[in-house]
Each structure stands twice: as C-alpha cells, then as structure tokens.
Student: 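Let me give you the structure first, and then I'll get to my questions.
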Amino acid sequence: MYPIGQFSRKTGVSIRTLRYYDEMNLLKPSYISETGRRFYENEDIITLQKITGLKTLGFSLKDIQQLIRQSQWDITESLEYQKRKMINKLVDIEKNIELLEYTISLAQLNQVIEPEIFIALIQNNLHMESQQRWLKSYLPNEIVDEIYATSNGHNVRYDAHLINIINQLKIAYKNQFKDTEVHTILKELFSQVPHELFNRLLTEPKLMEIQLDSMLFSSPFSKQEEKWLIEKIENMLKEYKTI
C-alpha cells in the first residue's frame, strides 16, 4: 500500500486532487486508517489512469464518474461529442488569439488608453455579429451592413482614431468646452461615417427611438457623459438640418 503522499509522487497527481477525487467518489482510497490517513494500492493506479485519460479527452468529472463504473465502454457517441466540443474550443482560441493581436496593435498605437474605452472596444468587437442581428430588427438590413462595413471590425487604425476622438470628448466634458469646440470634435466623429450613409441615418425615422441593449453595446462613457453627449449631438443635428 502507498500512503497518499507516496501515491501522489508515484502518479504525479497532487494530494489535493486525490482528496478531491475521494470527495467526488471518483477514486476512493483502498484503506483509511483510524487517524484518517489515506492508503492506495496498485489497482488504484489503473483507476487513476482512466480518470486522467478521460480528462485529457475533455470529459467532465461527472461523465468520468459514470464511465469508470462501467465494465465495458460503448462511447463512440461520447467521443464524437467531445471531439466537437474540442473543435469549438479551438475555434474560440483562434478567435481569442486574433483579438489579442488586434488589442496589442491598438495598444501600440495608443500608448495611454482609459480602461472604459479599451474594454468597450473589446466588448463591441466580441459582440459584433450579435449587434448586427439586433440592429436589423430596428433598421433596414442594408443600412446595418453598411455601418459595419464602414467600421470594418479589427481595423486597428480606424479604432485607434476613434479612441482619440472619444478621449477628446471626455476631455471636453470634464473641462466644459464651448459648444463650438464640442461640435468640431463631433464633426470629426461623424466624418468617420460616409456622407451618404450619414444622411440616410438622419432620415431614418426609427433611429432616435432605438434604446441600445447595454449587454450587447458597451459604452466608453459614463451615464453623465452620455447625457451630456446626447444633448450636444441633438443641438448639433438641429443646426445641421437648418443648413
């Protein structure tokens, strides 16, 4: 018999994990002394190998618990399911690597970025497809497609410039810039949208009725900043329409 410490060293599985497997009824010690010391036998090594092997294939401990109690395994369907799960994980990992490369490039172009702005951009990039589906329930499909074709997800220079504009607006709010100064910044913001698309958006009746889902659309502005910004935009648009 092996005391738990020796069994841990022999198998390469930590004592903490062995205790957890005991609690989960995955791998019970062959013998527990009166003082509570756990002891294992060679047969327990085989059981542990089954557990670690199935874990490597991505099975949950709950699934493993059921499988190791079976004398024979017919797990083709389970293996296919695990394969699909791992392929999906691989796709997610590849997306995360792409996002990391994007954020590294963004950070290099903007050495100092407020956390709220940075996180908003990341979140909006992650939810881009869901955002498009959501907006298409309010706006014509071609307008939504054109909006996102303009922003072109993961376009580093576009987003870097956008960060700069957002920073300017935050400074304008903090220092209470004059309307003329704020309007100059807003014009730069709106200039990121093609002129024809901008005019179409202005004439879209549902545009001002949209209440964005905060779970999908992350804002870099505080509630106070948003209220101030909406007021400035509305004033500017009134002037724009009278021109």
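The residues of the chain are indexed from 1 along the displayed sequence. All figures in this text were calculated on a predicted structure; none of them were measured in a lab.
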Student: I want to check something: taking the side chain as every heavy atom from C-beta on, are N235 and V182 in contact at a cut-off of under 4.5 Å?
Tutor: no
Student: Answer with yes or no whether the hydrophobic clustering places L212 together with V144; edges join I, L, V, M, F, W, Y residues whose side-chain heavy atoms lie under 4.5 Å apart.
Tutor: yes
Student: One pair to check against side-chain contact (heavy atoms from CB on, under 4.5 Å): I166 and L189. What are the steps and the verdict?
Tutor: CA-CA 8 Å; I166 294 170; L189 176 64; 5.8 Å; no
Student: Same cluster or not: are L26 and I15 linked, directly or through other Ile, Leu, Val, Met, Phe, Trp or Tyr residues, by side-chain heavy atoms under 4.5 angstrom apart?
Tutor: yes
Student: Any side-chain heavy atom of L186 within less than 4.5 Å of one from L229?
Tutor: yes
Student: May I have all residue pairs that pass salt bridge (Lys or Arg N to Asp or Glu O under 4.0 Å) and include part of residues 122-145, sequence neighbours excluded?
Tutor: K136-D145
Student: Establish whether L27 and Y20 are linked, either directly or via other cluster members, by ILVMFWY side-chain heavy-atom contacts under 4.5 Å.
Tutor: yes
Student: Please report the shortest heavy-atom distance between E188 and H161, naming the atom on each side.
Tutor: OE2-NE2, 2.7 Å
Student: Not counting sequence neighbours, which residues clear salt bridge (Lys or Arg N to Asp or Glu O under 4.0 Å) with K28? List them please.
Tutor: D22
Student: Kindly give the heavy-atom pair with the smallest separation between Q123 and S218, and that separation in Å.
Tutor: CB-CB, 3.7 Å
Student: With no hydrogens and no angle check, do the side chains of E226 and S219 hold a donor and an acceptor under 3.5 Å apart?
Tutor: yes
Student: Say whether, by atom type as modelled, one donor and one acceptor occur between the side chain of E181 and the main chain of K178 under 3.5 angstrom.
Tutor: yes
Student: How far apart are the closest heavy atoms of E204 and L139, and which atoms are they?
Tutor: CG-CD2, 3.4 Å
Student: So with a 6.0 Å cut-off around NZ of K85, is the heavy-atom count from everything else above 12?
Tutor: yes
Student: Minimum heavy-atom separation for I117 and P220, please, with both atom names.
Tutor: CA-CB, 3.7 Å
Student: Side-chain contact, heavy-atom cut-off 4.5 Å: S30 with F39?
Tutor: no
Student: Would you please say whether a donor-acceptor pair under 3.5 Å links the side chains of T47 and D44?
Tutor: no
Student: Does this structure show an ion pair linking E225 with K174, if we count only N-O contacts that are shorter than 4.0 Å?
Tutor: no
Student: Look at atom CD of E196 and say whether more than 12 heavy atoms of other residues, nucleotides or ligands are closer to it than 6.0 Å.
Tutor: no
Student: Taking atom types as modelled and ignoring hydrogens, do the side chains of Q131 and N124 form a donor-acceptor contact shorter than 3.5 angstrom?
Tutor: yes
Student: Would you say L61 and I64 make side-chain contact, with heavy atoms under 4.5 Å?
Tutor: yes
Student: For a quick test of reading the model, state the closest non-hydrogen atom pair linking L57 to Q82 and the distance between them.
Tutor: O-NE2, 3.4 Å
Student: Centres of the W134 and F217 rings: under 6.0 Å?
Tutor: yes
Student: Please confirm whether the backbone N or O of I4 pairs with a side-chain atom of S8, one donor and one acceptor, at under 3.5 Å?
Tutor: no
Student: In sequence, state the C-alpha distance, the side-chain angles, and the governing distance for Y102 and V156, and then conclude on side-chain contact (heavy atoms from CB on, under 4.5 Å).
Tutor: CA-CA 7 Å; Y102 157 77; V156 176; 3.8 Å; yes
Student: Mind listing the closest non-hydrogen atom pair of L48 and Y21 along with its distance?
Tutor: CD1-CE1, 3.9 Å
Student: Check whether any side-chain heavy atom of Q192 sits under 4.5 Å from a side-chain heavy atom of I165, and report yes or no.
Tutor: yes
Student: Between I147 and I143, is any pair of side-chain heavy atoms under 4.5 Å apart?
Tutor: yes
Student: With F7, which residues qualify under ring-ring contact (aromatic ring centres under 6.0 Å, His included), at least two apart?
Tutor: Y40
Student: Find out whether Q224 and K227 are in side-chain contact, i.e. whether some heavy atom of one side chain is under 4.5 Å from a heavy atom of the other.
Tutor: no
Student: Given the rule that I, L, V, M, F, W and Y join up when any side-chain heavy atoms are under 4.5 Å apart, are L79 and Y81 in one cluster?
Tutor: no
Student: So does M215 get a backbone contact from the side chain of D213, meaning a donor-acceptor N/O pair under 3.5 Å?
Tutor: yes
Student: Could you check whether any side-chain N or O of T103 sits under 3.5 Å from a backbone N or O of L99, counting only pairs where one atom can act as donor and the other as acceptor?
Tutor: yes
Student: Side-chain contact test, heavy atoms from C-beta onward, threshold under 4.5 Å: evaluate it for I185 versus I171 and give yes or no.
Tutor: no
Student: So if you build clusters from Ile, Leu, Val, Met, Phe, Trp, Tyr with side-chain heavy-atom gaps below 4.5 Å, do F198 and I210 land together?
Tutor: yes
